[in-house]
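Side chains are part of it too, since the values below use all heavy atoms of this structure and drop only hydrogens, waters and symmetry mates. Only a predicted model underlies this, so the values are computations on that prediction, with no experimental measurement involved.
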Amino acid sequence: MLGIKYFRIMKRLILTMLVVLMDVFIVQAQGYTDDTVSTDWTLKDSLTVGYLQRISQHTAPSYKLYPTDSMWTFLELETYSGRIWQVQFSTKGPDYRFKTVLNDVSLVPFYDSEGSFAGRFELYKTQNMYNFILLDTATGSTWQVQWSTESNQRMMIKIL
C-alpha cells in the first residue's frame, strides 16, 4: 500500500518537473536576448514559483498525526483546513478507543487569496501537555488548542 502511494507521489512530481522543463525549453527556444531577459524574468520566475507551489502541495500530507505526552492520545490535523480531532487508542478494547472533534470548522476564509492547500496548517507542542499552538503558515494566525479526556475541558481559542 505504501508503495502505491509513493508511486503516485513520484508520478506527480515527475510530471510536474516535465512541465517545468518544457516551459524552460520553450522560453529558451523563443530566442530572448540579454536585454529582454531582465524584463521577462519576472514572468518566468512567477511561473516557476507557481509550479513549485503545486509540487509542494502534492507532496505535503493532507492529514498528520501529532503525538501528545499521553501515550494513548494523538491529535489529527487536516493540514489544508485546520480541522482537528483528538484520537485515543487503547489495548483494553473498543470502549476505550475514540475520535472526537476539537475543531470541525475550516479556518480558511472564503475570501482568502492563498486558498486552502495541504501543509497550510501545523501544530506545535507547548510545555503544557494538554495544549498545542495551531499555526496558519499562509497568514501567521495562531490558535491555542487544548485536548482532554473530559469533553468540557476541550477547546480552541484564537490568539490575537
Side-chain angles (χ1 to χ4, degrees), residues 1-24 45-160:
M1 178 118 161
L2 181 60
I4 293 171
K5 188 174 183 180
Y6 177 77
F7 175 75
R8 288 180 182 160
I9 291 172
M10 290 306 295
K11 182 178 169 184
R12 286 181 185 165
L13 181 63
I14 289 169
L15 289 173
T16 305
M17 292 304 291
L18 284 173
V19 170
V20 170
L21 286 174
M22 287 178 13
D23 180 53
V24 170
D45 189 37
S46 64
L47 290 173
T48 303
V49 168
Y51 288 131
L52 292 176
Q53 284 176 340
R54 286 192 208 120
I55 289 170
S56 69
Q57 290 173 13
H58 290 296
T59 57
S62 296
Y63 292 88
K64 284 182 78 175
L65 280 177
Y66 292 85
T68 67
D69 287 339
S70 167
M71 66 184 281
W72 308 108
T73 305
F74 286 81
L75 298 184
E76 180 181 348
L77 172 65
E78 189 176 70
T79 65
Y80 57 88
S81 71
R83 297 185 331 150
I84 306 171
W85 296 266
Q86 177 180 331
V87 180
Q88 184 168 311
F89 72 99
S90 173
T91 57
K92 292 182 180 180
D95 292 341
Y96 296 91
R97 294 183 205 119
F98 67 86
K99 182 174 179 178
T100 188
V101 172
L102 294 178
N103 172 43
D104 63 351
V105 177
S106 174
L107 299 175
V108 180
F110 68 91
Y111 56 83
D112 192 337
S113 62
E114 297 289 331
S116 58
F117 56 88
R120 178 171 176 157
F121 291 91
E122 295 179 3
L123 277 172
Y124 293 90
K125 275 185 163 186
T126 66
Q127 291 184 350
N128 179 326
M129 73 178 276
Y130 298 103
N131 284 271
F132 283 72
I133 301 295
L134 177 67
L135 172 67
D136 181 343
T137 63
T139 65
S141 297
T142 52
W143 292 263
Q144 176 184 344
V145 178
Q146 181 172 301
W147 68 271
S148 176
T149 55
E150 303 295 325
S151 61
N152 63 345
Q153 297 294 314
R154 297 180 196 127
M155 66 172 184
M156 190 166 116
I157 301 171
K158 185 167 177 83
I159 300 172
L160 302 175

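The distance from the CD1 atom of Ile157 to the OG1 atom of Thr142 is 11.5 Å, given to the nearest 0.5 Å. From Thr73, atom OG1 reaches atom CG of Leu65 across 11.5 Å, with rounding to the nearest 0.5 Å. Expressed to the nearest 0.5 Å, how far CZ of Arg154 lies from CD1 of Ile84 amounts to 13.0 Å. Of the inter-residue distances, the one linking Tyr130 atom OH with Gln86 atom CD reads 10.0 Å to the nearest 0.5 angstrom. Residue Leu77 holds its CG atom at 12.5 Å from CZ of Arg120, rounded to the nearest 0.5 Å. Expressed to the nearest 0.5 Å, how far CZ of Phe110 lies from OG of Ser116 amounts to 14.0 Å.
Using a distance-only test at 3.5 Å, with no hydrogens or angles considered, no donor-acceptor pair links the side chain of Gln144 to the main chain of Ile159. At distances below 3.5 Å, at least one donor-acceptor pair connects side-chain atoms of Gln146 with backbone N or O atoms of Gln153. Thr79 contributes a side-chain N or O that, together with a main-chain N or O of Pro61, makes up a donor-acceptor pair within less than 3.5 Å.
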Next item on the list: Please lay out, stage by stage, how Trp85 and Glu78 fare under the test side-chain contact (heavy atoms from CB on, under 4.5 Å).
Entry: CA-CA 9 Å; Trp85 296 266; Glu78 189 176 70; 4.0 Å; yes
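Within 6.0 Å of the OH atom in Tyr66, the count of heavy atoms belonging to other residues, nucleotides or ligands exceeds 12.
Scanning both residues, Tyr80 and Ala118, for their nearest heavy atoms gives CB-N, 3.7 Å. Between Pro67 and Lys125 the shortest heavy-atom distance is O-CE, 3.3 Å. Of all heavy-atom pairs between Leu123 and Phe132, the closest is CD2-CB, 3.9 Å.
By the 4.5 Å heavy-atom criterion applied to side chains, Met129 and Thr68 are not counted as neighbours.
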Ignoring hydrogens and angles, write down the donor-acceptor pairs under 3.5 Å from the side chains of residues 90-109, residues two or more places apart or on other chains.
| unit_1 | atom_1 | unit_2 | atom_2 | d |
| --- | --- | --- | --- | --- |
| Ser90 | OG | Lys92 | N | 2.9 |
| Arg97 | NE | Ser90 | O | 3.2 |
| Lys99 | NZ | Glu76 | OE1 | 2.8 |
| Asn103 | OD1 | Val105 | N | 3.3 |
| Asn103 | ND2 | Gly82 | O | 3.1 |
| Asn103 | ND2 | Val105 | O | 3.0 |
| Ser106 | OG | Val108 | N | 3.3 |

